[in-house]
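Counting begins at 1 with the first residue of the sequence. Everything quoted here is computed from the prediction, not taken from an experiment.
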Amino acid sequence: MNNVLTDSKQTSEVPNEKYWWIKGELCSRLPNLNARNKIQNITRQFFTKKGFIEVETPALQVSPGSEPHLTPFTTNLHDPFDKEKKRKLYLHTSPEFAMKMLLVGGMNNIFQLARVWRNGERSAIHHPEFTMLEWYQTGASWRDVAKTCENLVKEVAIQKFKNTKQKPPLFSWKNSKCNPMQDWQYLSVDCAFKKFCRIDLLSTTSNPLEPNVMALSKEAEKIGIRVHSNDRWEEIFFRIFLDRIEPNLGIGVPTVLYDWPISMASLARQNPKDDRLAERFEIYICAMEIANGFGELTDPVEHRRRFKNDMALKDKLYGQTYPVDEDFIKALTFGMPNSSGIALGFDRLVMLCTGAQKIEDVLWAPLVNIL
């Protein structure tokens, strides 16, 4: 029998140094991985008690989504009865479309711990394959979903630190600390720009869908942020945001950053009280974004318009476009219920609970030395 585990000729070719490195490297992560399993169980128990149904949706999709700055992994689906026939598909960057189709089909409150893929992403908090916790609540506002997230994070913190000497439970990342048990801070994007940069952001959005690049450029230059002649409004926005605002979010207590400009709405519906804004929010802990949520857009015509605009931008920036998922658009015509949803980086939550400094420290088998 030719078994790699018993064939001495084969096993002798594996250097002992490599084996001990793998074993030692795994052992060093084991406390974080045990914590990961515990947090997974807490999460499932939390949603089950609230009456949510856990779902599983396929990773292979016709369209990977509408976000112009994300790069999916691609593959070809072959017809087993026609060797020449194949179709290009994508590994999902989020289970969003498939979960929303379940809402159209009659499901109500659903959640999923999904494996997702994003190509070209690698940093202390990015990995090409990671776990996303995504859930949707029908008949709920975005504030309802933000509150559910707050309750989940508090429950995780209580259970994770229950038998430790750390009172109150504190999350940590880099040099920052955050107490999730205190009242969470709610801060609008406009107020954040005023508070940390003294910039009136909304004054640059008189045309909501085409913000004034020149106006924001002038404000950026006043505070020493570099600006280039061919910059888009969004690029200047994020240059200011990442340098002056994000480092201040979620310090001491978590921050819910809400009311994003409608030009950055993604698939969030418009704020009914201010057409310059969208019902989008992000949650930050220790200056780390852990979640992105929406009051969900349900209008199929507006979905198509936004997708078309996003693909035009993607084509301009990267020379790529993705197909429209016509089945998804058609499903919306049957009526998606009023709902709100959120995607939370599960690995990042584990990092905060364990004090891990990089995402690989909370993954069972991270991709290393691939390139």
Side-chain angles (χ1 to χ4, degrees), residues 40-41 43-67 70 72-73 75 77 87 89-118 129-149 151-152 265-269 278-281 283 291-307 310 322-346 349:
Q40 239 173 4
N41 291 335
T43 298
R44 286 195 163 99
Q45 291 168 9
F46 174 87
F47 283 108
T48 299
K49 287 178 181 178
K50 287 188 172 295
F52 281 70
I53 301 296
E54 183 172 7
V55 299
E56 292 181 295
T57 56
L60 285 175
Q61 295 290 319
V62 171
S63 174
S66 60
E67 169 55 55
L70 295 184
F73 288 87
T75 188
L77 180 66
R87 184 174 186 181
L89 295 177
Y90 303 86
L91 287 174
H92 64 187
T93 58
S94 160
E96 181 175 9
F97 287 176
M99 292 184 75
K100 286 180 176 177
M101 290 180 77
L102 293 180
L103 296 180
V104 173
M107 299 299 293
N108 290 311
N109 297 340
I110 57 176
F111 79 99
Q112 180 172 189
L113 279 161
R115 301 294 290 183
V116 296
W117 292 263
R118 295 180 181 182
E129 179 179 357
F130 62 100
T131 300
M132 179 177 287
L133 169 62
E134 189 152 333
W135 74 88
Y136 292 87
Q137 297 175 224
T138 57
S141 70
W142 72 263
R143 285 184 178 270
D144 294 328
V145 172
K147 188 62 179 180
T148 300
C149 188
N151 291 336
L152 168 66
S266 186
L267 297 181
R269 58 181 170 239
E279 291 189 350
R280 173 186 173 185
F281 67 97
I283 296 175
N292 184 23
F294 304 148
E296 298 295 343
L297 180 68
T298 59
D299 181 355
V301 176
E302 179 63 9
H303 257 283
R304 188 182 293 278
R305 186 194 71 78
R306 291 193 192 179
F307 189 88
D310 286 340
Y322 305 134
V324 175
D325 187 338
E326 294 293 348
D327 287 337
F328 173 65
I329 298 294
K330 184 177 180 180
L332 292 181
T333 65
F334 293 108
M336 176 177 158
N338 177 47
S339 56
S340 296
I342 189 171
L344 181 147
F346 184 77
L349 180 59

Peer 1: Can you check side-chain contact (heavy atoms from CB on, under 4.5 Å) on Thr148 and Phe46, steps first, answer last?
Peer 2: CA-CA 10 Å; Thr148 300; Phe46 174 87; 4.0 Å; yes
Peer 1: Atom CZ of residue position Arg87 - does it have more than 12 heavy atoms of other residues, nucleotides or ligands inside 6.0 Å?
Peer 2: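 No, CZ of Arg87 has 12 or fewer neighbouring heavy atoms, counting only those of other groups under 6.0 Å.
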Peer 1: Is a donor on one side and an acceptor on the other found under 3.5 Å between the side chain of Ser63 and the backbone of Pro323?
Peer 2: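 Pair found, side chain donor or acceptor close to backbone of Pro323.
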Peer 1: For the CG atom of Leu344 and the CE atom of Met132, what is their distance to the nearest 0.5 Å?
Peer 2: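 Nearest 0.5 Å value for the CG-CE distance: 9.0 Å.
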Peer 1: Please list, chain by chain and in numerical order, all residues satisfying side chain to side chain donor-acceptor pair (under 3.5 Å) with Thr298, sequence neighbours excluded.
Peer 2: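 Per chain and number, Thr298 pairs via side chain to side chain donor-acceptor pair (under 3.5 Å) with no residue.
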Peer 1: Taking all heavy atoms of Arg306 and all of Ala265, pick out the closest pair and write down the distance.
Peer 2: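 Answer, listing the atom of Arg306 first, then Ala265: NH1-CB, 3.5 Å.
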Peer 1: Set out, in order, the CA-CA distance, both residues' side-chain angles and the distance that settles salt bridge (Lys or Arg N to Asp or Glu O under 4.0 Å) for Glu56 and Arg115, then state yes or no.
Peer 2: CA-CA 10 Å; Glu56 292 181 295; Arg115 301 294 290 183; over 6 Å; no
Peer 1: Stepwise, does the side-chain contact (heavy atoms from CB on, under 4.5 Å) test hold for Glu296 with Glu96?
Peer 2: CA-CA 11 Å; Glu296 298 295 343; Glu96 181 175 9; 4.0 Å; yes
Peer 1: Is a side-chain donor or acceptor of Asn108 paired with a backbone partner of Leu103 at a separation under 3.5 angstrom?
Peer 2: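 Not a single qualifying donor-acceptor pair exists.
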Peer 1: Take Leu297 and Met336 through the side-chain contact (heavy atoms from CB on, under 4.5 Å) test and state the conclusion after the steps.
Peer 2: CA-CA 9 Å; Leu297 180 68; Met336 176 177 158; over 6 Å; no
Peer 1: Do His303 and Val324 come close enough that some side-chain heavy atom pair is under 4.5 Å?
Peer 2: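 No, their side chains stay 4.5 Å or more apart.
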Peer 1: Could you grab the distance from atom CD of Glu279 to atom OG of Ser141, nearest 0.5 Å is fine?
Peer 2: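 Answer for the CD-OG pair, Glu279 versus Ser141, is 8.0 Å.
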Peer 1: Going by heavy atoms in the side chains, are Leu133 and Leu349 under 4.5 Å from each other?
Peer 2: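 The answer is no; the side chains never approach within 4.5 Å.
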Peer 1: Looking only at atom types and distance, does a side-chain atom of Gln112 sit under 3.5 Å from a main-chain N or O of Met99, one as donor and one as acceptor?
Peer 2: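 The answer is no, because no donor-acceptor pair under 3.5 Å joins these two groups.
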Peer 1: If I take atom SG from residue Cys149 and atom CD1 from residue Ile283, how far apart are they, to the nearest 0.5 angstrom?
Peer 2: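 With rounding to 0.5 Å, SG (Cys149) is 3.5 Å from CD1 (Ile283).
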Peer 1: For a side-chain contact (heavy atoms from CB on, under 4.5 Å) check, start with the C-alpha distance between Leu91 and Glu129, then their side-chain angles and the critical distance, and finish with the verdict.
Peer 2: CA-CA 10 Å; Leu91 287 174; Glu129 179 179 357; over 6 Å; no
Peer 1: Any non-hydrogen side-chain atom of Pro64 less than 4.5 Å from a side-chain atom of Phe73?
Peer 2: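 No. Closest side-chain heavy atoms not under 4.5 Å.
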Peer 1: Mark yes or no for whether His92, through its side chain, and Pro72, through its backbone, hold a donor-acceptor pair below 3.5 Å.
Peer 2: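 Judged by distance alone, no pair lies under 3.5 Å.
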Peer 1: Minimum heavy-atom separation for Trp135 to Gln137, with atom names?
Peer 2: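 The answer is NE1-OE1, 3.2 Å.
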Peer 1: Please round to the nearest 0.5 Å and tell me the distance separating atom CE of Met101 and atom CG of Asp327.
Peer 2: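 Rounded to the nearest 0.5 Å, the CE-CG separation comes to 5.5 Å.
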Peer 1: What is the distance from atom CZ of Arg280 to atom CH2 of Trp142, rounded to the nearest 0.5 Å?
Peer 2: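 One gets 12.5 Å once the value is rounded to the nearest 0.5 Å.
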Peer 1: Are the side chain of Ser340 and the backbone of Ala140 linked by a donor-acceptor contact shorter than 3.5 Å?
Peer 2: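 Judged by distance alone, yes, a pair lies under 3.5 Å.
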Peer 1: So, do Asn292 and Ile342 sit near enough that their side-chain heavy atoms are less than 4.5 Å apart?
Peer 2: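 Asn292 vs Ile342: side chains apart.
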Peer 1: I'd like to check Glu67 versus Thr93 (side-chain heavy atoms, cut-off strictly below 4.5 Å). Are they in contact?
Peer 2: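 Not touching, per the 4.5 Å side-chain cut-off.
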Peer 1: CE of Met107 to OH of Tyr136: how many Å apart, nearest 0.5 Å?
Peer 2: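 Going from CE on Met107 over to OH on Tyr136, the span is 14.0 Å.
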Peer 1: Within a strict 4.5 Å, meaning less than it, do heavy atoms of the Tyr322 and Leu70 side chains meet?
Peer 2: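 They are not in side-chain contact.
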Peer 1: Can you check whether Thr57 reaches Phe97 side chain to side chain, under 4.5 Å on heavy atoms?
Peer 2: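 Answer no - side chains too far apart.
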Peer 1: To check you understand the geometry: which heavy-atom pair defines the closest contact between Pro95 and Val116, and what is its length?
Peer 2: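 Distance-wise, the nearest heavy atoms are CD-CG1, 4.0 Å.
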Peer 1: Going by the angle between their ring planes, with limits at 30° and 60°, are Phe111 and Phe47 parallel, tilted or perpendicular?
Peer 2: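 If you compare the ring of Phe111 with that of Phe47, the planes turn out parallel.
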Peer 1: Given side chains that start at C-beta, do those of Ser94 and Glu134 come closer than 4.5 Å, heavy atoms only?
Peer 2: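 A side-chain contact under 4.5 Å exists here.
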Peer 1: Determine the minimum heavy-atom distance between Gly65 and Phe307, stating which atoms define it.
Peer 2: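 Closest approach of Gly65 to Phe307: O-CE1, 3.6 Å.
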